[in-house]
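Worksheet: the structure to be examined is printed underneath.
Since this is a predicted model, take the numbers as computed values, not measurements.
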Amino acid sequence: MEFEKRRQSSKKRKKHSWRFRIIMILFVLLLAAGGAFWFNRQGYQAKNPNDTAVTMVTVKDKASVKEIGAQLQKEGIIRNSRYFVSYANKYGAKDIAGGTYPLSQVQDIAEIYQELTEGSGDEPVLSSGYTFISNTKTAEQTAQTIADAAGVSKSDLLAAYSDSDLIAQAKKEYPQLFLNAKSDQTLYDFVYPGIYRFKKEKSAKDLVMTMLKQTNKTLKPYYAQLKANKIPASTAILLAENGGKKEFDRRLAFIKKIAPYSQSLQSQYGILASISIAQAIHESNWDDSALSSKYNNYYGVKTDDTTAGKSVVLQTQEVENGQTVTKNARFAVYDSYQDSMKAHAKTIANGNTWNANQFADVLAAKNYKDAAQALSTDGYATDPSYPKLIIQIIENWNLAQYDKN
């Protein structure tokens with residue numbers, strides 16, 4: 001009898017044990033399914049809602065969705081390329097257009113895909129709660145967008161940009177941001193273009209300080225170079241949507257490369273080093289033109305010499321009767337950038353065959369502003385805005401430091 005009871009009790013324990021195991025297996029399966037669903041869903045969401053950094057990504061024409069997905073993953077924009085590929089294939093990958101796009105980890109797959117199908121533009125596609133500020137727009141143009149996002153008055157925001165007490169506070173909190181700054185700049189000039197997420201700001205002044213805090217954080221990698229070269233922070237800010245730190249370093253390296261020789265040429269021929277450098281920058285687009293990078297012609301110098309290896313025919317744009325026209329022209333080819341710079345300096349110093357004093361005013365100028373204006377009045381450039389462009393380059397990069405007194 002006792003044995004029979006123990007046997008029945010053992011059977012019950014085994015039965016309960018199997019039930020428990022089955023329940024646990026079902027629980028684990030449900031948990032795994034839920035986890036898989038959660039991870040899959042996460043794959044389509046923003047990689048990091050708090051990382052508002054913008055990365056300019058260039059998508060090649062006719063690139064496959066697989067190639068684009070791999071590129072986005074490599075750039076750190078998305079978690080895994082397979083989520084982008086899956087989404088793109090579902091909604092018509094053929095609509096993706098080649099171009100350069102501002103992208104961020106705060107964007108989910110749907111927003112990134114929408115941006116890529118709408119074609120390259122100045123602003124990323126963002127969900128509510130995020131605001132994009134572009135350096136292609138003025139404070140007035142962006143004021144309403146920012147005010148709406150933060151829940152403040154547009155007029156209060158515009159007033160805050162020029163508030164003397166707030167400017168003093170900003171200079172005290174972020175002194176490096178204001179080194180070498182121009183006196184006529186407002187606080188909006190120190191707002192770094194990009195994505196902002198406003199949360200706790202209660203006033204327009206709080207809002208401005210939040211934006212300056214993000215600018216200061218973004219510019220920390222620049223500060224040592226800005227201070228050493230006495231370059232204003234606004235120069236780095238202007239490059240935010242055109243290559244950022246990588247482009248800043250490239251441009252500064254170009255200046256450092258040609259500055260010593262420009263000083264030597266100033267001693268020999270009298271042309272201010274700042275003018276030589278600024279013209280080389282402008283004419284060669286920072287050594288990014290085919291004429292400069294392939295043929296060492298930094299100043300767009302033309303020639304009639306048809307000797308093999310001494311010239312090349314390329315398209316160029318000129319201003320005629322107020323209109324910009326495209327023409328074919330023959331340009332000089334140089335063995336080195338020094339040869340190009342020396343030829344330019346000699347032209348300024350010796351004029352041309354019909355007027356040896358053609359650029360006398362450029363040589364007589366005692367400062368870069370007068371020299372830049374003389375380039376126009378003496379007929380060096382046909383574009384009426386040429387002097388202004390040269391002066392901007394000199395002031396943005398503090399090229400006057402290379403002029404010898």
- Item | Inter- and intrachain pairs under ring-ring contact (aromatic ring centres under 6.0 Å, His included), touching residues 218-243, at least two apart | Tyr222-Phe248

- Query: Within the distance-only criterion (no hydrogens, no angle test), does the side chain of Asn135 pair as donor or acceptor with the backbone N or O of Leu238 below 3.5 angstrom?
  - Reply: yes

- Message: So, taking the atom named OG in Ser104 and the one named CG in Asn48, what distance separates them when rounded to the nearest 0.5 Å?
- Response: 8.5 Å

- Message: Between Thr58 and Thr100, is the side chain to side chain donor-acceptor pair (under 3.5 Å) condition met? List the steps.
- Response: CA-CA 4 Å; Thr58 299; Thr100 300; 3.0 Å; yes

- Glu67 bridged to Lys62 by N-O distance under 4.0 Å: no

- Message: For Tyr87 and Tyr113, take the angle between the two ring planes, folded into 0 to 90°, and tell me which bin it lands in: parallel under 30, tilted 30 to 60, perpendicular over 60.
- Response: perpendicular

- Query: Looking at Gln45, Gln114, Lys47, Glu115, which one forms a side chain to side chain donor-acceptor pair (under 3.5 Å) with Gln107?
  - Reply: Glu115

- Query: When you look at Asp305 and Thr307, which way does the side chain to side chain donor-acceptor pair (under 3.5 Å) test go after all the steps?
  - Reply: CA-CA 6 Å; Asp305 190 347; Thr307 305; 2.6 Å; yes

- Item | N/O donor-acceptor pair under 3.5 Å between Arg197 side chain and Val106 backbone | no

Would you list the atom pairs, donor with acceptor, under 3.5 Å between side chains in residues 164-175 and any protein atom, with sequence neighbours excluded?
from   : atom 1 : to     : atom 2 : distance (Å)
Gln169 : NE2    : Glu173 : OE2    : 3.1

- List the steps, then state whether side chain to side chain donor-acceptor pair (under 3.5 Å) holds for Glu75 with Thr55. CA-CA 8 Å; Glu75 294 282 359; Thr55 301; 5.4 Å; no

- Task: Starting at CG of Asp361, measure out to CD1 of Ile348 and round the result to the nearest 0.5 Å.
- Result: 11.0 Å

- May I ask you to check whether Thr136 and Glu241 show a side-chain donor-acceptor distance below 3.5 Å? no

- Flag for Ser292-Asp287: side-chain donor and acceptor within less than 3.5 Å: yes

- Message: Centroid separation under 6.0 Å, is that true for the rings of Phe190 and Phe178?
- Response: yes

- Would you give the length of the straight line joining atom CG of Leu389 to atom CD1 of Ile394, rounded to the nearest 0.5 angstrom? 11.0 Å

- Message: When you measure from the side chain of Asn297 to the backbone of Ala332, do you find a donor-acceptor pair of N or O atoms at a distance under 3.5 Å?
- Response: yes

- Message: Applying ring-ring contact (aromatic ring centres under 6.0 Å, His included) as the test, list every pair that has at least one member in residues 304-330; sequence neighbours left out.
- Response: none

- Item | Donor-acceptor under 3.5 Å (Thr347 side chain, Ala343 main chain) | yes

- Query: Can you tell me how far the CG atom of Asn352 sits from the CG atom of Asn357, to the nearest 0.5 Å?
  - Reply: 10.0 Å

- Query: Are the side chain of Asp403 and the backbone N or O of Ser274 linked by a donor-acceptor pair below 3.5 Å?
  - Reply: yes

- Can you sort out the partners of Thr306 under side-chain contact (heavy atoms from CB on, under 4.5 Å), two or more places apart, ordered by chain and number? Arg330

- Message: Looking at Asn328, I'd like to know if its CG atom is crowded, meaning that more than 12 non-hydrogen atoms belonging to other residues, nucleotides or ligands lie closer than 6.0 Å.
- Response: yes

- Query: Roughly how far apart are Lys342 NZ and Ser264 OG, rounded to 0.5 Å?
  - Reply: 8.5 Å

- Give the minimum heavy-atom separation between Tyr192 and Thr215, together with the two atoms involved. N-OG1, 2.8 Å

- Query: What's the shortest heavy-atom distance between Gly194 and Val54, and which atoms?
  - Reply: CA-CG2, 4.2 Å

- Not counting sequence neighbours, which residues clear salt bridge (Lys or Arg N to Asp or Glu O under 4.0 Å) with Asp378? List them please. none

- Message: Side chains of Gln315 and Thr326: any donor to acceptor distance under 3.5 Å?
- Response: no

- Query: Can Tyr188 and Thr138 be counted as having a side-chain donor-acceptor contact under 3.5 angstrom?
  - Reply: no

- Item | Donor-acceptor side-chain pairing of Gln225 and Lys245 below 3.5 angstrom | yes

- Message: As a quick check of understanding, evaluate side chain to side chain contact (heavy atoms under 4.5 Å, CB included) for Gln176 and Lys220, giving each step before the final call.
- Response: CA-CA 9 Å; Gln176 294 183 95; Lys220 283 184 178 179; 5.9 Å; no

- Query: So do the side chains of Asn396 and Ile231 get within less than 4.5 Å of each other, counting heavy atoms only?
  - Reply: no

- Task: Specify the closest pair of heavy atoms between Tyr299 and Ser276, including all atoms of both residues, with the distance to one decimal.
- Result: OH-O, 2.9 Å

- Atom pair CG (Leu157) and OG1 (Thr145), whose distance is rounded to the nearest 0.5 Å: 10.5 Å

- State, to 0.1 Å, how close Ala345 and Ile271 come at their nearest heavy-atom pair, and which atoms those are. CB-CG2, 4.1 Å

- Task: Work out which heavy atom in Gln185 is nearest to a heavy atom in Asp189; give both atom names and the distance.
- Result: CA-OD2, 3.2 Å

- Inspect the contact between Glu140 and Lys154 and indicate whether a charged nitrogen and a carboxylate oxygen are less than 4.0 angstrom apart. yes

- Of the non-hydrogen atoms in Met211 and Ile133, which two are nearest, and what is the gap between them? SD-CD1, 3.5 Å

- Item | Contact check, side chains of Asn296 and Asp339, non-hydrogen atoms, under 4.5 Å | no

Pairs of donor and acceptor atoms involving the side chains of residues 252-261, under 3.5 Å and at least two apart or interchain, shall be tabulated with distances.
from   : atom 1 : to     : atom 2 : distance (Å)
Lys256 : NZ     : Asn229 : OD1    : 2.6
Lys256 : NZ     : Tyr402 : OH     : 3.4
Lys257 : NZ     : Tyr298 : OH     : 3.3

- Just by modelled atom types, is the Ser127 backbone N or O under 3.5 Å from a matching donor or acceptor in the Glu111 side chain? yes

